[in-house]
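Because the structure is a prediction, the values reported are computed rather than measured. In what follows, chains are A, B, ... by sequence order, proteins preceding strands, each numbered from 1.
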Amino acid sequence: MLGGTTDTRAGDVAGVGHTGNVRIAIGPRDDGLIALVDPDAPGQPLAAVPAGELPATVAAFERDESPRWVWSDTRQWYPKLLAAGVRIERCDDLLLAAAILDHSTDTATVREHGAAAAPAWIARLRAGQLAPAPAALGTALFDFDDFDGDQGGAGAPGPSLDEVLAEDARQRALTADSARPRAMRLLLAAESAGALIGAELHAAGLPWSREVHERVLETTLGPRPRPGAKPEHMERFAAAVRRELEAPGLNLDSQLEVLRALRAAGIPVESTSRWELREHEHPAIEPLIAYKKLARLASANGWAWLDEWIVDGRFRPDYVPGGTATGRWATSGGGALQLPKLVRSAVVADPGWRLVVADAAQLEPRVLAALARDEAMADAARGRDVYRGIVEAGVVEERDQAKIAVLGAMYGATTGDSGRLVPRLARAFPRAMALVDRAAAQGERGGSVTTNLGRSSPLPPASWREVQQRASEPEASPADERRARSSARDWGRFTRNFVVQGSAAEWSLCWMAALRSRLAAMEPSANRAAASGPVFEATPHLVYYLHDEIIVHTPAERAEEVAAAVAECAAEAGRLLFGDFPLDFPLDLAVVDSYALAEG
DNA sequence: CGGCGCGGCGCC
DNA sequence: AAAGGGCGCCGCGCCG
């Protein structure tokens, strides 16, 4: 599965031209000091310092030995280092690694043969992570009191040094005995690099122009309303809807009331969703849809959002690397993964700086072709738009059909245009189709599936199994059987998509990790102070990540160098994950002053 | 009053 | 134009 990967490269993914193999574990001791120890020689600490001295100590070791830091949880340790101006190259994030190792089918054999289960602190920290994230983490520059004991203020006490060492040993054994140790090492390195990047993205922040954003709001919604009042343009559309529906007191924010009013006006709708509304001819429809569009902007990214999330010209969402089952990231707060195109014009480079915006073109279909080693699909994709390639291969007539068919294959569509086109795709690309069909079948049986590098899907919940069980009993009703088939297919669609989405997430992590290393190695630019804090003020750095898209904020004179690095790292990620399989991962890449100008 | 499920919709 | 995967956030409306 993992062609062309070597241990050296696997280690490099989170390093900066790093060649050594030093690891240093960090954790609090009983005496209240934070100790740094070599996991292979824990008896002789390399250092033991009060929490307040940790950043300087880490910085010294980082400079001299460039180690891989082994710690409980990047989200608990790294923000405070960054706030003190200390950046590290590499780490092992035990919390994230445990989530992978304890569920991977690649470690199933060793786990079934007596490997120890994860310690309680792992579950504790994981639960704590779900608590409200400490937005202030990293802003209190010299507050290191909670490096030990109750870390992070999320109510999840961190583990002691001894617990960290024990967990590290457990994880190394699981990795070594896994079915594909090299792949697992790469996955864990990439995941840990992602953790560092998540913290750095928060620390650097996405450059954001309040002025531009306010202009967008005023143009779209009207002047900022008084507290409690609705924007002028929303009120105008609301009045039109009330007039056309002859419903003077209608509250347009109430789905229930709107549904009733529409039906009373003779419009037979089941919901108030936009796609259903559009099916009906009525003078109330257009202003209603317009109202909903403005309401969405006002509530999700309006003035209140600006006040809450834009501080000192930066948007600092709280990224949660590894926050979803597939390995995609989540965010909590700020809606960073849903920035509407409408407000992207507010993402503006600092004076003298530029944005390098890149997204991987049609990443998931390419990952599917490579995963399945489907050379016919790779031929259609290589050097061109995948969907056009599929048209040129004679599979379908139109680009849109190709797109619908591919998405349908990856998401498990069975009906509509998409479902009808999938069989044609299956004839042209049988290997790719077989891969996702196998993944779906596995899910329908209640099994788990695994990504390219070894992240496995969760098992369905107990309630799902009960439904399946009930349908298999002799007295099962037709309704029981229907319900069971339907939920089996639901889970099959999840596992079908999991292998593709999860493997694509791995590609993105490797891409970004390689890029992070390249950027960190670039010379600082003199006389270029961006408003991004001490760690990032003079060098190109990542400021945004969205599944298959990144933004680098760079001194203007380095923009071309950065753009080249971005592209080279994409090629590198492809080789790292898929060896010499003949497929490319092209980027849509732009050097711009505003995110809005990068729209394809 | 806060918690929670849901509808709806933004992004990939 | 409208069916399939993954998310987070908002407001509503119901519940205790």
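Judged purely by distance below 3.5 Å, without hydrogens or angles, the side chains of A/T450 and A/S456 pair a donor atom with an acceptor atom. Judged purely by distance below 3.5 Å, without hydrogens or angles, the side chains of A/Q442 and A/T495 never pair a donor atom with an acceptor atom. Side-chain contact, A/D93 with A/T74: a donor N or O sits under 3.5 Å from an acceptor N or O.
When rounded to the nearest whole Å, the span between CE of A/M234 and P of C/dC10 equals 14 Å. In this structure, the CG atom of A/L509 is 18 Å from the P atom of B/dC12, given to the nearest Å. Atom-to-atom, CH2 of A/W309 to C1' of C/dC9 comes out at 11 Å; the value is rounded to the nearest Å. Distance A/Q338 CD to C/dC7 C1': 7 Å, rounded to the nearest Å. We find that CH2 of A/W511 is positioned 13 Å from C1' of B/dC12, with the value rounded to whole Å. The separation between A/I285 atom CD1 and C/dA1 atom P is 14 Å, rounded to whole Å. Distance A/L337 CG to B/dC12 P: 10 Å, rounded to the nearest Å. In this structure, A/D318 atom CG and C/dC7 atom C1' are separated by 15 Å, rounded to whole Å.
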Which atom pairs link the protein and nucleotides 11-16 of chain C when you take only N or O atoms and keep those under 3.5 Å?
{"unit_1": "C/dG13", "atom_1": "OP1", "unit_2": "A/S254", "atom_2": "OG", "d": "2.2"}

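Within 4.0 Å (heavy atoms only), A/G323 reaches no atom of the nucleic acid at all. Note on A/R493: only backbone sugar-phosphate atoms sit closer than 4.0 angstrom, heavy atoms only; bases stay farther off. Backbone-only engagement by A/R344 is indicated by non-hydrogen atom pairs under 4.0 Å involving sugar-phosphate atoms exclusively. Residue contacts for A/T414: at a heavy-atom cut-off of 4.0 Å it reaches no nucleic acid atom on any strand shown. Within the 4.0 angstrom heavy-atom criterion, base atoms lie near A/D417.
A/E279 and A/R274 are not joined by a salt bridge, as no carboxylate oxygen comes within less than 4.0 angstrom of a charged side-chain nitrogen. Under 4.0 Å is where a charged nitrogen must lie from a carboxylate oxygen, and between A/K230 and A/D253 at least one such pair does. A salt bridge links A/R420 with A/D417: at least one charged nitrogen is closer than 4.0 Å to a carboxylate oxygen. We find that A/D307 and A/R210 are joined by a salt bridge, their nearest charged nitrogen and carboxylate oxygen being less than 4.0 Å apart. Taking a cutoff of 4.0 Å between a charged side-chain nitrogen and a carboxylate oxygen, A/E200 and A/R516 qualify as a salt bridge. Using a cutoff of 4.0 Å between basic side-chain nitrogens and carboxylate oxygens, A/K403 and A/E398 are not scored as salt-bridged.
Contact detail for A/E364 and A/A504: the closest heavy-atom pair is CG-CB, 3.9 Å.
Sorted by residue number, the members of residues 273-281 of chain A with any non-hydrogen atom under 4.0 Å from DNA chain C read A/W275, A/E279. Annotation: proximity of residues 398-412 of chain A to DNA chain C (heavy atom, distance under 4.0 Å) is found for A/I404, A/Y411, numbered in ascending order.
In this model, the phosphate group of B/dC11 is not approached by any side-chain N or O of A/K341 to a distance below 4.0 Å at OP1 or OP2.
A donor-acceptor contact under 3.5 angstrom links the side-chain atoms of A/R296 to the base of B/dC9.
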task: Start with the C-alpha distance between A/L96 and A/D73, add both sets of side-chain angles, then the distance that settles side chain to side chain contact (heavy atoms under 4.5 Å, CB included), and finish with yes or no.
output: CA-CA 7 Å; A/L96 288 173; A/D73 174 8; over 6 Å; no
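Remark: aromatic rings of A/W208 and A/W305 are close, center separation under 6.0 Å.
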